[in-house]
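Working notes, beginning with the structure itself.
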Amino acid sequence: MLFPGIISLPPHTLLLAPMENITHTVFRCLCRRYGADMVFTEFVSAEELLHNRRRTLEKLTFRQEERPLGIQLYGHRKEEMTEAARRIMTYAPDVLDINFGCPARKIARRGAGAGMLKNIPAMVGITAAIVQAASCPVTVKTRLGWDRDHLDILEITLRLQDAGIRAITIHGRTGDQGYGGKADWTLIGEVKNHPGVHIPVFGNGDIRTPEDAKERFQQTGVDGIMIGRAAIGKPWIFRDIREYFRTGTVPPAPGLRERVELASEHLTESVKTRGLPRGVYEMRSHLILYFKEFEIFQHVWKEMITCTDPGKILELMNRMTEH
Ligand SMILES: Cc1cc2nc3c(=O)[nH]c(=O)nc-3n(C[C@H](O)[C@H](O)[C@H](O)COP(=O)(O)O)c2cc1C
């Protein structure tokens, strides 16, 4: 059991990673349905939240069926982060997750996201203040350290644990690495197996298949793995991983018809919750990844991802199944 007494998660927990512009409510619901044990919102700026930006406030809403759900917060000023955490409590998430891992220059340069890896005392101070302010468990998602010369993740984990966080997710890259190179899980395993670390440790980075997932669990003994990019256009990856663990076999991938049904539901719900044209725009990256393996998609993709009429997109999808 993780987060004792508050949230119960199974062994080999499977988490959907927070992803900006991707992990909206409809996609999170689909991932939960396919077996993700917990999901996260995309990151939310403390500063924008305190300015009551409509787009930011929208990111905080979720459906009950998504629970357990974490809302993710980022920023670099302690008072702002703490006040934002208090406001987030009114949305009653299961977990408040702090982002100390985003490498985007405009964020890290200001000392937020992965930029905080360069100032561990500030990271610990902000975390301790948020733990005090929040009425739900606080978790952190971060990276191995700022760069290869500062692989501080063990020290960071121990200090954040002392500050009161209830779990840590470690992406096996450094801050200055962005998304380049490969995720290195060696240090994630060392943190998990350190005798001083008692909180759950979740690993993240480059898991694409059930085989990858199994290998990472075996290599590191982590409590859970968090999956990001591999779930886009493939929310059934969570089911595949569970089935693979249970039976040793990966279920056959959904065929075109099943994917059309799923993508149609995704699009329809997306338009319902986000309106037009946003609901359609936000579907484009998903659509490409739902269908890219199918030859027939090559003939319709341009039309499908430039179209703003959901009815027309549904028609194009259905037409693919008629061949
Ligand atoms: C499009 C995109 C948006 C992302 N947005 C966030 C975010 O809002 N918060 C966060 O902590 N990480 C974010 N990430 C990082 C992912 O959560 C994850 O750490 C990273 O993609 C590595 O995992 P993966 O190899 O399974 O994709 C984002 C990644 C991508 C590709």
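Note that ligands are numbered from 1 as they come in the structure, with each ligand's atoms numbered from 1 the same way. For reference, positions follow the sequence shown, starting with 1. We use all heavy atoms of the structure for the numbers below, so side chains are in, but hydrogens, waters and symmetry mates are not.
The shortest separation from a heavy atom of Y74 to ligand 1 is not under 4.0 Å, leaving the residue out of contact. Residue-ligand proximity: G205 is placed with a non-hydrogen atom under 4.0 Å from ligand 1.
To the nearest 0.5 Å, atoms OH (Y244) and CG (D212) are separated by 10.0 Å.
Using modelled atom types, one finds no donor on one side chain facing an acceptor on the other under 3.5 Å when comparing R53 with H51. Counted by atom type alone, D97 and T139 present one or more donor-acceptor pairs between their side chains at under 3.5 Å. Side-chain atoms of E47 and H76 form no donor-acceptor pair, as typed in the model, at a separation below 3.5 Å.
For atom 15 (C) of ligand 1, the closest heavy atom belonging to the protein is Y179 OH, 3.1 Å. The protein heavy-atom contact nearest to atom 5 (N) of ligand 1 is E20 N, 2.8 Å.
Checked against a 3.5 angstrom limit, the closest N/O atoms of G228 and ligand 1 fall inside it. Geometrically, ligand 1 and R229 share a nitrogen or oxygen pair separated by less than 3.5 Å. In terms of polar-atom proximity, F43 is counted as a contact of ligand 1, with an N or O under 3.5 Å from an N or O of the ligand.
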Note to self: Determine whether F217 and F245 satisfy the following criterion, ring-ring contact (aromatic ring centres under 6.0 Å, His included), listing intermediate values before the conclusion.
What the structure shows: CA-CA 11 Å; F217 272 120; F245 287 180; 5.7 Å; yes
